[in-house]
Amino acid sequence: MKKYKCRVCGHIYDPKEGDPKGNIKPGTPFEEIPDDWKCPICGASKGEFEPMD
């Protein structure tokens, strides 16, 4: 599973960790996160994230 990085603040979404604040369970791929999810650091939309190599 790929990690995704917020283009606004640099926060990295790691599927292994999920997003406990946003009720995203560990093991959730980025593609399965609801479209209305926001970056837990800066509040940017899901569309502001890009896949990391």
Side-chain angles (χ1 to χ4, degrees):
M1 288 187 283
K2 278 190 173 187
K3 294 180 183 179
Y4 280 72
K5 184 176 183 178
C6 179
R7 290 187 287 230
V8 177
C9 72
H11 171 71
I12 296 172
Y13 174 77
D14 185 345
K16 291 179 190 168
E17 297 174 12
D19 174 23
K21 282 187 188 176
N23 293 322
I24 307 297
K25 294 179 183 174
T28 303
F30 188 79
E31 297 79 14
E32 292 182 13
I33 294 174
D35 289 338
D36 62 352
W37 177 80
K38 305 283 187 208
C39 176
I41 304 302
C42 71
S45 69
K46 184 179 174 185
E48 292 295 332
F49 281 72
E50 60 188 359
M52 297 177 66
D53 291 329

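Throughout, numbering of the chain's residues begins at 1 and tracks the sequence.
Minimum interatomic distance between M1 and T28 (heavy atoms only, all atoms of both residues): SD-C, 4.4 Å. Between E17 and P20, the shortest heavy-atom contact is O-CD, 4.1 Å. Among all heavy-atom pairs drawn from P15 and P29, the shortest one is CB-CA, 4.4 Å. Of all the heavy atoms in I41 and H11, the pair that sits closest is CG1-ND1, 3.6 Å.
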Please output the side-chain donor-acceptor pairs of residues 33-40 that fall under 3.5 Å, not counting sequence neighbours, one pair per line with the distance.
{"from": "W37", "atom 1": "NE1", "to": "D19", "atom 2": "OD2", "distance (Å)": "2.9"}

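The line from CG of D14 to NZ of K3 is 4.5 Å long, rounded to the nearest 0.5 Å. Rounding to the nearest 0.5 Å places CD of E32 at 12.0 Å from NZ of K25.
Counting non-hydrogen atoms of other residues, nucleotides and ligands closer than 6.0 Å to NZ of K46 gives a total above 12.
P26 places none of its side-chain heavy atoms less than 4.5 Å from the side chain of K16.
Between Y13 and F49, the ring centre distance reaches or exceeds 6.0 Å.
Side-chain contact of Y4 with E31: a donor-acceptor pair under 3.5 Å is present, judged by distance alone.
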